[in-house]
Novice: 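Next up is a structure, given as structure tokens.
All values derive from a computational prediction rather than experimental measurement. Note that ligands are numbered from 1 as they come in the structure, with each ligand's atoms numbered from 1 the same way.
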Amino acid sequence: MYDVIIIGAGPGGMTAALYASRSDLSVLVIERGAPGGQLMNTSDVENYPGFDSITGPDLAVKMYENSSNFGATHTYGNVTRLENEGLVKKVYCDDEVYEAKTVIIASGSEHRKIGIPGEEKYAGRGVSYCAVCDGAFFKDRHLYVIGGGDSAVEEGLYLTQFASKVTIVHRREELRAQKILQDRAFKNEKINFMWNKVPVEITGDDKKITNLTLKDTKTDELTTVDAEGIFIYIGLDPLTEPFKELNITNEEGWIETNNHMETCIPGVYAIGDVRDTVLRQIATAVGDGSIAGQEVYKYITSID
Ligand SMILES: Cc1cc2nc3c(=O)[nH]c(=O)nc-3n(C[C@H](O)[C@H](O)[C@H](O)COP(=O)(O)OP(=O)(O)OC[C@H]3O[C@@H](n4cnc5c(N)ncnc54)[C@H](O)[C@@H]3O)c2cc1C
């Protein structure tokens with residue numbers, strides 16, 4: 001039995017692994033993708049202390065190496081269920097069942113889909129949720145970015161290095177993104193904006209998308225534009241399906257914790273983006289991870 005199982009190897013999970021293993025606890029980190037979480041989908045990070053600018057994947061590698069320095073074990077697997085048997089927690093992962101005294105849920109969130117016709121059909125054929133992964137396929141194309149927050153503007157700026165033009169489509173009249181990102185976008189000659197518009201349909205041929213239809217939020221007027229690529233950044237949904245039965249989530253599915261990262265189940269913690277929190281960033285996930293990594297030590301020494 002492990003002292004701690006951490007579900008998810010994003011910045012939060014990797015920090016929790018560093019702290020818990022440095023306290024000499026036995027730690028298993030389970031990750032179903034590449035270690036790094038959303039960092040793997042992030043172009044440049046400019047707001048993580050200690051680095052003027054670093055790419056998401058480079059930061060992920062550094063965090064991964066760091067998280068393993070004190071003996072934490074990483075394994076690949078998709079967690080489908082967590083069972084609470086009091087002092088023992090069972091983590092169901094593919095064909096395995098792992099046991100631990102404590103569990104830290106660090107499963108993060110995923111991009112929200114718009115849910116319009118054509119979105120699913122053309123995913124990977126012109127519709128993308130990851131500029132870092134797919135941007136280079138769109139050299140000299142006119143791209144549309146849907147959204148008005150930090151991710152939309154940041155990734156829109158990133159796409160200008162490949163695209164001939166980037167149009168940011170936002171449902172409001174002004175962006176939500178940080179001022180510094182807005183200023184850069186407004187100054188960038190390759191970026192233009194379509195305000196008060198929401199996408200209603202994506203159409204194309206057998207191979208790829210050709211058009212995007214937008215509706216004006218004020219007049220309901222429909223406009224169809226030629227589109228060669230659409231990048232969607234409209235928000236996040238929590239990845240909490242495996243934990244639904246435990247009643248630790250709020251109505252929207254985010255996990256509720258106190259300041260110690262404890263859920264209402266003793267020995268079960270949640271950190272980072274998956275938590276009901278006010279800011280979903282690398283620095284906050286790392287902060288949560290350090291608290292949980294320390295709290296599990298206190299909990300285990302109190303029950304042993
Ligand atoms: C495009 C983009 C740009 C961003 N730019 C910045 C930025 O510049 N600065 C900044 O501070 N933040 C930025 N962020 C936000 C930042 O990346 C996140 O806040 C941070 O990664 C959250 O870390 P986390 O560990 O909580 O979750 P995540 O990074 O989401 O990691 C969660 C991990 O859990 C794994 N997982 C989920 N479910 C399971 C399961 N059932 N079984 C096994 N593994 C599972 C996932 O595969 C994932 O690897 C950006 C995000 C995006 C998408």
Side-chain angles (χ1 to χ4, degrees), residues 5-18 28-51 53-57 59-60 63-64 67 74-82 91-94 96 98 103-112 128-135 145 147 149-159 177-178 180-181 231-244 254-255 257 261 269-290 292-293:
I5 289 179
I6 299 169
I7 302 169
M14 292 199 282
T15 307
L18 170 65
L28 177 69
V29 185
I30 306 175
E31 168 58 56
R32 68 179 177 190
Q38 292 287 10
L39 291 182
M40 301 308 285
N41 303 329
T42 303
S43 45
D44 295 317
V45 176
E46 292 181 339
N47 56 1
Y48 188 66
F51 299 94
S53 175
I54 183 165
T55 70
L59 185 56
M63 285 190 179
Y64 176 73
S67 76
H74 284 259
T75 193
Y76 178 80
N78 182 33
V79 171
T80 50
R81 191 157 165 246
L82 168 61
V91 178
Y92 292 77
C93 175
D94 301 324
E96 303 275 347
Y98 298 104
V103 169
I104 299 175
I105 302 170
S107 51
S109 58
E110 64 179 351
H111 284 300
R112 187 169 297 153
S128 172
Y129 304 85
C130 179
V132 179
C133 324
D134 300 331
V145 172
D150 284 351
S151 293
V153 176
E154 198 169 86
E155 302 310 304
L157 281 160
Y158 173 80
L159 286 169
Q178 292 170 38
I180 187 168
L181 295 173
F231 286 78
I232 299 168
Y233 293 101
I234 58 162
L236 300 168
D237 286 321
L239 287 169
T240 47
E241 195 55 41
F243 321 112
K244 281 273 158 65
W254 304 101
I255 300 179
T257 70
M261 306 303 138
Y269 302 76
I271 58 173
D273 280 13
V274 77
R275 209 163 71 80
D276 180 20
T277 181
V278 290
L279 185 65
R280 293 193 170 86
Q281 289 277 279
I282 303 162
T284 47
V286 162
D288 288 0
S290 61

Novice: Check ligand 1 against N78 and write out every atom of the ligand that is under 4.0 Å from a heavy-atom position of the residue.
Specialist: 40 (C), 41 (N), 42 (N)
Novice: Taking distance alone, with no angle check, do V79 and ligand 1 share an N/O pair under 3.5 Å?
Specialist: yes
Novice: Tell me which one of E154, E241, R275 gets a heavy atom nearest to atom 6 (C) of ligand 1.
Specialist: E154
Novice: Heavy-atom contacts with H111 under 4.0 Å: which atoms of ligand 1 show up? List them by number with element.
Specialist: 53 (C)
Novice: Which of the numbered atoms in ligand 1 are under 4.0 angstrom from any heavy atom belonging to A106?
Specialist: 32 (C), 33 (C), 34 (O)
Novice: Identify, by atom number and element, the atoms of ligand 1 in contact range of A285, meaning under 4.0 Å from any of its heavy atoms.
Specialist: 22 (C), 23 (O), 26 (O)
Novice: Quick one: which of Q281, R81, R32 has a heavy atom closest to atom 13 (C) of ligand 1?
Specialist: Q281
Novice: Regarding Q281 and N47, do their side chains bring together a donor and an acceptor under 3.5 Å, going by distance alone?
Specialist: yes
Novice: In ligand 1, which numbered atoms sit nearer than 4.0 Å to a non-hydrogen atom of G272?
Specialist: 26 (O)
Novice: Out of curiosity, D150 CG to E155 CD, how far, rounded to the nearest 0.5 Å?
Specialist: 10.5 Å
Novice: Keeping T284 on the side-chain end and L279 on the backbone end, is there a donor-acceptor pair under 3.5 Å?
Specialist: yes
Novice: Return a yes/no value for V274: is any of its N or O atoms, backbone included, closer than 3.5 angstrom to an N or O of ligand 1?
Specialist: no
Novice: With respect to Y233, determine whether any N or O atom, backbone or side chain, lies less than 3.5 Å from an N or O atom of ligand 1.
Specialist: no
Novice: If you measure every N or O of E155 against every N or O of ligand 1, does any of those distances drop under 3.5 Å?
Specialist: no
Novice: Can you tell which of V91, D44, N47 gets a heavy atom nearest to atom 9 (N) of ligand 1?
Specialist: N47
Novice: For the side chain of D94 and the backbone of N78, is there at least one donor-acceptor N/O pair under 3.5 Å apart?
Specialist: yes
Novice: Just distances here: any N/O of Q38 and N/O of ligand 1 closer than 3.5 Å?
Specialist: yes
Novice: By number and element, which atoms of ligand 1 are closer than 4.0 Å to a non-hydrogen atom of R280?
Specialist: 15 (C), 19 (O)
Novice: Show the atoms of ligand 1 that are less than 4.0 angstrom away from any heavy atom in D273.
Specialist: 18 (C), 19 (O), 20 (C), 22 (C), 26 (O)
Novice: Would you say D273's side chain and A285's backbone share a donor-acceptor pair under 3.5 angstrom?
Specialist: no
Novice: Keeping R275 on the side-chain end and R280 on the backbone end, is there a donor-acceptor pair under 3.5 Å?
Specialist: no
Novice: So, does M40 sit close enough to ligand 1 that a heavy atom of it is under 4.0 Å from the ligand?
Specialist: no
Novice: About how many Å separate CD1 of I232 and CZ of R112, when rounded to the nearest 0.5 Å?
Specialist: 12.5 Å
Novice: How far does CG of L39 sit from CD1 of I282, to the nearest 0.5 angstrom?
Specialist: 5.0 Å
Novice: Would N41 count as a polar contact of ligand 1, with the cut-off being nitrogen or oxygen pairs under 3.5 Å?
Specialist: no
Novice: Should the pair H111 and Y129 be assigned to parallel (<30°), tilted (30 to 60°) or perpendicular (>60°) ring geometry?
Specialist: parallel
Novice: Do any nitrogen or oxygen atoms of I282 come within less than 3.5 Å of a nitrogen or oxygen of ligand 1?
Specialist: yes
Novice: What atoms in ligand 1 come closer than 4.0 Å to a heavy atom of G77?
Specialist: 42 (N), 43 (C)
Novice: Can you check whether L159 reaches V145 side chain to side chain, under 4.5 Å on heavy atoms?
Specialist: yes
Novice: Using a plain distance cutoff, I'd like to know if P11 has any nitrogen or oxygen under 3.5 Å from a nitrogen or oxygen of ligand 1.
Specialist: yes
Novice: Look at the side chain of S107 and the backbone N and O of L239, then say whether any donor-acceptor pair between them is shorter than 3.5 Å.
Specialist: yes
